[in-house]
2 protein chains.
Amino acid sequence: MSLATATSPGSGKRALTKKANRQAILDAASKVFARDGYEVASIRDIIRETSLASGTFYNYFKSKEEIFETIAAESAKRFQPRLKIISSQATDLASYFRAAYAAYFDFLVEENDVTISNGGPHRAMIGVRIDTPEIKAISDQIRSDIENVLRITGPKHLDAGYLTAAAIGIARQMGDLMLSRRPLEPEVAAAFASRLMLAGIKDFAKHV
Amino acid sequence: MSLATATSPGSGKRALTKKANRQAILDAASKVFARDGYEVASIRDIIRETSLASGTFYNYFKSKEEIFETIAAESAKRFQPRLKIISSQATDLASYFRAAYAAYFDFLVEENDVTISNGGPHRAMIGVRIDTPEIKAISDQIRSDIENVLRITGPKHLDAGYLTAAAIGIARQMGDLMLSRRPLEPEVAAAFASRLMLAGIKDFAKHV
DNA sequence: GCAGATTGGTGACGAGGCGTCAACTTTCAT
DNA sequence: ATGAAAGTTGACGCCTCGTCACCAATCTGC
């Protein structure tokens, strides 16, 4: 072939197994994290679930932390488009919060067994809190959504940072609780959370 | 001495060094956790900061997790009495939430450098979330406070579990944000958080 | 105060994880 | 077909883990 070969980066056998190996490691990691918990799991545990050698892990990920973040980031990436749609369709605060919370709690239920469910048999007490770029991006988008929608509907001098923090804090903590209850009722949680936020914002609108 | 010796459990030299050793290990752990972050810190790192041998650690704590929880529990124990006072003095929701949030955010500011500030030089991305008995106790007390005060002032069929989760979620997330801002303004955050919660509850009171 | 009992500190040990790297195998390009 | 490049392998040295036999300091009863 002449220069600028037609082969896209992924057609050759080389690139193919590379992709497969990476995915195998990611799958193994998800499995092990879910089974043993993040704390307990070791890189060796992960690589043992594949047919690869220990050294190979380090060709793809720097550390246990990095592979965890990658998994979290991919999860966040799956959520982001839903939020985008909601933010583009929402016209006012009420519709935005209602839809966003519903989307998030539904997402939690969906990913519940796939995502890291802390506390397998070894039930680590110390949980995980991630701050990947993607999760930051989601947080940022929510803030910008809130700012945008406040600019139109809401009161002027409302601290969007705190409001975003509150919205996310509610989502996190209520999400945990929602998942621990049977039956799973993401809609109920979403109704509760959005109502709480909306009432608060309306109140802020009233007197400065 | 006759039976039932007058020596309280702490007078003898034996018990004295025991107490000192335990405290030395706790102090070293606080220091190392703050310096290196919980993830990176090892039991050896901790014990190396004392004049004790590695085996001695295990006479006092089972694991890194346990000593961390002990530290967290002691911190929670320092907070609990403040909350108790607030809950005994508060007559309605407004005064309770306002005071409770203020107490919590003040507490955060106070303990900020003492408590584990995640992310030293090695800035671990994965944070810590603790569930010691004491922290559970605080959470439970808040729930019971909310239930009590709802029984008097608030709407009947409001989900106290979700409301507590929301209150705590707001406190956690806003607390992080508050600490990252300069100047530190715990009162501003407390005003914001309590107003948000109160408005929400009032709204729930209106229509079922 | 002495002797025996007890408590608790010590540090070496085996097991196992960590990240690295030289040797090797497989694919790619010509 | 052949040399270059990429990627895999597993053994290696270092480290931490939790344990345990040993020992020294303290306590107890006389």
Side-chain angles (χ1 to χ4, degrees), chain A residues 1-26 28-29 32-33 35-70 122 124-126, chain B residues 1-29 32-33 35-70 122 124 126:
Chain A
M1 293 170 202
S2 53
L3 8 75
T5 168
T7 58
S8 69
S11 62
K13 188 162 191 177
R14 194 128 224 133
L16 231 48
T17 52
K18 212 172 156 185
K19 196 163 231 171
N21 283 351
R22 186 188 150 89
Q23 197 53 49
I25 294 174
L26 280 171
V32 172
F33 285 152
R35 170 159 51 79
D36 303 340
Y38 175 80
E39 291 290 327
V40 171
S42 75
I43 290 174
R44 253 67 178 181
D45 291 338
I46 294 169
I47 212 67
R48 230 175 266 124
E49 290 286 322
T50 73
S51 55
L52 303 168
S54 64
T56 305
F57 178 93
Y58 297 93
N59 287 344
Y60 294 94
F61 304 98
K62 212 166 87 291
S63 62
K64 184 170 75 158
E65 190 180 321
E66 190 180 287
I67 196 172
F68 182 87
E69 280 172 23
T70 303
H122 302 99
M125 297 247 86
I126 292 175
Chain B
M1 293 165 203
S2 55
L3 9 73
T5 169
T7 58
S8 67
S11 63
K13 188 162 190 177
R14 194 129 224 133
L16 229 48
T17 53
K18 211 172 156 184
K19 196 164 230 173
N21 283 350
R22 185 188 150 89
Q23 197 53 50
I25 294 174
L26 279 172
D27 290 347
V32 172
F33 285 152
R35 172 160 49 81
D36 303 340
Y38 175 80
E39 292 289 327
V40 171
S42 74
I43 290 174
R44 252 68 178 183
D45 290 338
I46 294 169
I47 212 69
R48 229 174 269 125
E49 290 286 321
T50 73
S51 56
L52 303 167
S54 63
T56 305
F57 178 92
Y58 297 94
N59 287 343
Y60 294 94
F61 304 98
K62 213 166 86 294
S63 62
K64 184 171 73 158
E65 190 180 321
E66 190 180 286
I67 196 173
F68 182 88
E69 280 172 23
T70 303
H122 302 101
I126 292 174

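We name chains A, B, ... by the order of the sequence lines, and we start the count at 1 in each one. Keep in mind the model is a prediction, meaning the values are calculated, not measured.
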Would you kindly give the OH-to-C1' distance between Y58(A) and dC21(C), to the nearest whole Å? 13 Å
Does a side-chain N or O from N59(B) land closer than 4.0 Å to OP1 or OP2 of dG8(C), or not? no
Hey, does Y60(B) reach any base, or is it just sugar-phosphate, or nothing, if we go heavy atoms under 4.0 Å? sugar-phosphate
Of the listed dT10(C), dT8(D), dC18(C), the closest approach to the T56(A) side chain comes from dT8(D)
Whole-Å gap separating P (dG19(C)) and CD1 (I67(A)): 12 Å
In this structure, OH of Y58(A) is separated from CD1 of I43(A) (nearest 0.5 Å) by 3.5 Å
Just to be sure I understand the rule, does R22(A) reach a base, reach only the sugar-phosphate, or reach nothing, if contact means heavy atoms closer than 4.0 Å? nothing
Per atom distances to the A53(B) side chain, the nearest of dG11(C), dT7(C), dT8(D) is dG11(C)
If the cut-off is 4.0 Å, is R44(A) near the phosphate of dG19(C), judged by side-chain N/O to OP1 or OP2? no
How would you label the contact of S54(A) with the nucleic acid (heavy atoms, under 4.0 Å): base, sugar-phosphate, or nothing? base
Quick one: L52(A) CG to dC24(C) P, roughly how many Å, whole number? 21 Å
Just by distance, no angles: are the side chains of N59(A) and T56(A) close enough, under 3.5 Å, to form a donor-acceptor pair? no
For the pair made of CZ in F61(A) and P in dG7(D), what is the distance, rounded to whole Å? 14 Å
Between dT27(C) (P) and K19(A) (NZ): distance, integer Å: 18 Å
Whole angstrom value for the distance that separates P of dG18(D) from CD1 of I47(B): 12 Å
CG (N21(B)) and CG (L52(B)) are apart, to the nearest 0.5 Å, by 4.5 Å
Rounded distance in Å - CZ (F57(A)) to P (dT9(D)): 14 Å
Which nucleotide, dG7(D), dT10(C), dT26(D), lies nearest any side-chain atom of K13(B)? dT26(D)
Would you kindly give the NZ-to-C1' distance between K18(A) and dC28(C), to the nearest whole Å? 13 Å
Name the residue closer to the 5' end of DNA chain C, choosing between I43(A) and R14(A) according to the nucleotide with the nearest heavy atom. I43(A)
Check this for me: does any side-chain nitrogen of one of K64(B) and E39(A) sit under 4.0 Å from a carboxylate oxygen of the other? no
Tell me whether the OP1 or OP2 atom of dG7(D) has a side-chain N or O from N21(A) closer than 4.0 Å. no
Between CD on residue E69(B) and CZ on residue F61(B), distance to nearest 0.5 Å: 11.5 Å
